[in-house]
Amino acid sequence: MIRKGCFALLCSITLTNCTDQFSAVQQMNKFDEIPVGITEELHLIYSDSARTEAELNAPINIDFTNQKFPYSEFPQGLDATLYGNRGEVTFVRSDYGIYYPKTEIIDLRGNVVISDTTGTRLNTSQLYWDAGQEWLFTEKNFTFTNASYDIEAVRLDANRSFRKLMTGMISGNIQVKDEDID
């Protein structure tokens, strides 16, 4: 006959052993958290109809497109060059990036700089780029300079060309033509 104390100890050991084995099985089945691939020294050229539209360089790319909400991570940053239809060239640089293909959203973080050949330059600590809509936005502080603007502000909502630009509180200089004033 088994005493109550021994029975409780036996059940405890059995349950603990089952729990440990179950935990080990759960860990083995976490394949979803393993990337599809890791690329070092990535150089990607995107073209459409034999025209180069973008180039992407990154020291490392970790591809998690096997997730329920797929993403591609650039933990050591990225450099991108975007080529426009009229010959305009835009440069993008950040310390970290993550791309979500389902939403076409790119999250850039750490020393984000967007510049072009005309001298336009945007600096911020984080920026979201909606590639599908060609729209960018941030809730962080930013500086923006071009031939007409030299501003600092919090919050930015703009199209790729910065022709449509909305901000929060700004400080700086904005050139306005007399005919633009009502």
Side-chain angles (χ1 to χ4, degrees), residues 38-65 70-181:
I38 298 173
T39 304
E40 294 179 351
E41 300 304 323
L42 174 71
H43 180 81
L44 177 71
I45 298 174
Y46 175 75
S47 62
D48 186 12
S49 302
R51 188 177 81 72
T52 300
E53 293 194 9
E55 287 185 61
L56 174 67
N57 292 291
I60 213 161
N61 170 245
I62 306 173
D63 183 353
F64 288 97
T65 54
Y71 63 97
S72 187
E73 185 177 25
F74 303 89
Q76 295 179 7
L78 60 90
D79 285 295
T81 305
L82 310 173
Y83 302 98
N85 293 334
R86 297 183 198 110
E88 63 274 15
V89 181
T90 304
F91 307 99
V92 180
R93 176 160 180 58
S94 71
D95 293 341
Y96 173 86
I98 190 164
Y99 171 59
Y100 301 97
K102 278 189 177 180
T103 60
E104 295 189 304
I105 298 289
I106 302 165
D107 178 1
L108 302 171
R109 299 179 199 168
N111 299 312
V112 180
V113 178
I114 298 178
S115 59
D116 67 18
T117 55
T118 68
T120 298
R121 185 177 175 98
L122 172 76
N123 294 70
T124 187
S125 62
Q126 183 173 24
L127 185 74
Y128 295 99
W129 167 255
D130 182 335
Q133 299 295 317
E134 293 197 346
W135 203 261
L136 48 99
F137 50 96
T138 185
E139 292 290 323
K140 304 290 185 183
N141 292 333
F142 72 92
T143 59
F144 177 78
T145 56
N146 71 4
S148 302
Y149 301 108
D150 182 10
I151 61 175
E152 292 182 22
V154 176
R155 192 178 321 112
L156 172 69
D157 199 7
N159 66 347
R160 178 181 173 177
S161 67
F162 296 106
R163 288 193 180 99
K164 296 179 181 178
L165 184 130
M166 295 180 288
T167 72
M169 294 290 287
I170 65 171
S171 63
N173 300 311
I174 300 173
Q175 293 180 0
V176 179
K177 295 178 185 176
D178 286 338
E179 64 259 19
D180 292 342
I181 301 173

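These numbers come from a predicted model, not from an experiment.
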| query | T39 and D63: side-chain donor and acceptor closer than 3.5 Å? | reply | no

| message | Once rounded to the nearest 0.5 Å, what's the spacing between atom OH of Y96 and atom CG of L108? | response | 10.5 Å

| message | Show, in sequence, the C-alpha distance, side-chain angles and deciding distance for L136 and D130, and conclude whether the side chain to side chain contact (heavy atoms under 4.5 Å, CB included) test is met. | response | CA-CA 6 Å; L136 48 99; D130 182 335; over 6 Å; no

| query | Does a side-chain heavy-atom distance below 4.5 Å link T143 with D150? | reply | no

| said: I'd like to know if the side chain of N111 pairs up with that of D95 as donor and acceptor (distance under 3.5 Å, no hydrogens or angles considered). | reply: yes

| Qualifying residue, where the test is side chain to side chain contact (heavy atoms under 4.5 Å, CB included) with F74 and the options are L42, I106, I62 | L42

| said: Which label fits Y71 and Y100: parallel for a plane angle under 30°, tilted from 30 to 60°, or perpendicular past 60°? | reply: tilted

| Would you say the side-chain atoms of D116 pair up with the backbone N or O of G119, donor to acceptor, closer than 3.5 Å? | yes

| Heavy-atom side-chain contact between I60 and I38 under 4.5 Å | yes

| field | Contact check, side chains of T81 and V89, non-hydrogen atoms, under 4.5 Å | value | yes

| note | One should read off an interatomic distance between E55 CD and S47 OG, to the nearest 0.5 angstrom, of 10.5 Å

| message | Would you say that L156 contacts T124 through its side chain, given a criterion of any heavy-atom pair below 4.5 Å between the two side chains? | response | no

| task | Find the distance between OG1 (T120) and CD1 (I114) and round it off to the nearest 0.5 Å. | result | 11.0 Å

| query | Is there a side-chain contact between Q126 and D107 (heavy atoms, below 4.5 Å)? | reply | yes

| query | About how many Å separate CZ of F142 and CZ of R121, when rounded to the nearest 0.5 Å? | reply | 14.5 Å

| note | Interatomic distance, CD@E134 vs CG@L82, rounded to 0.5 Å, equals 8.5 Å

| task | Go through L78 and N57 one step at a time and tell me if the side chain to side chain contact (heavy atoms under 4.5 Å, CB included) criterion holds. | result | CA-CA 6 Å; L78 60 90; N57 292 291; over 6 Å; no

| task | Inspect the contact between R155 and D157 and indicate whether a charged nitrogen and a carboxylate oxygen are less than 4.0 angstrom apart. | result | no

| request: Using the side chain to side chain contact (heavy atoms under 4.5 Å, CB included) rule, take Y128 and I105 through it: C-alpha gap first, then chi angles, then the decisive distance, then the call. | output: CA-CA 7 Å; Y128 295 99; I105 298 289; 4.2 Å; yes

| note | Residues R51 and N85: closest non-hydrogen pair is NH2-OD1, 2.8 Å

| query | What pair of heavy atoms forms the shortest contact from P70 to P101, and how long is it? | reply | O-CD, 3.3 Å

| said: With a 4.5 Å cut-off on side-chain heavy atoms, are S94 and R109 touching? | reply: no

| Side-chain donor-acceptor pair under 3.5 Å between E152 and N141, yes or no? | no

| query | What heavy-atom pair brings A58 and G77 nearest, and what distance separates the two atoms? | reply | CB-O, 3.6 Å

| Side chains of E104 and Y99, donor plus acceptor under 3.5 Å | no

| request: Please report the C-alpha distance between E88 and Y83 in whole Å, then the side-chain angles of each, then the deciding distance to 0.1 Å, and finally whether the side-chain hydrogen bond (donor to acceptor under 3.5 Å, both in side chains) criterion is met. | output: CA-CA 6 Å; E88 63 274 15; Y83 302 98; over 6 Å; no

| Is a side-chain N or O of T138 found less than 3.5 angstrom from the main chain of K140, in a donor-acceptor match? | yes

| said: To the closest 0.5 Å, what do you measure between CD (E40) and CG (N61)? | reply: 11.0 Å

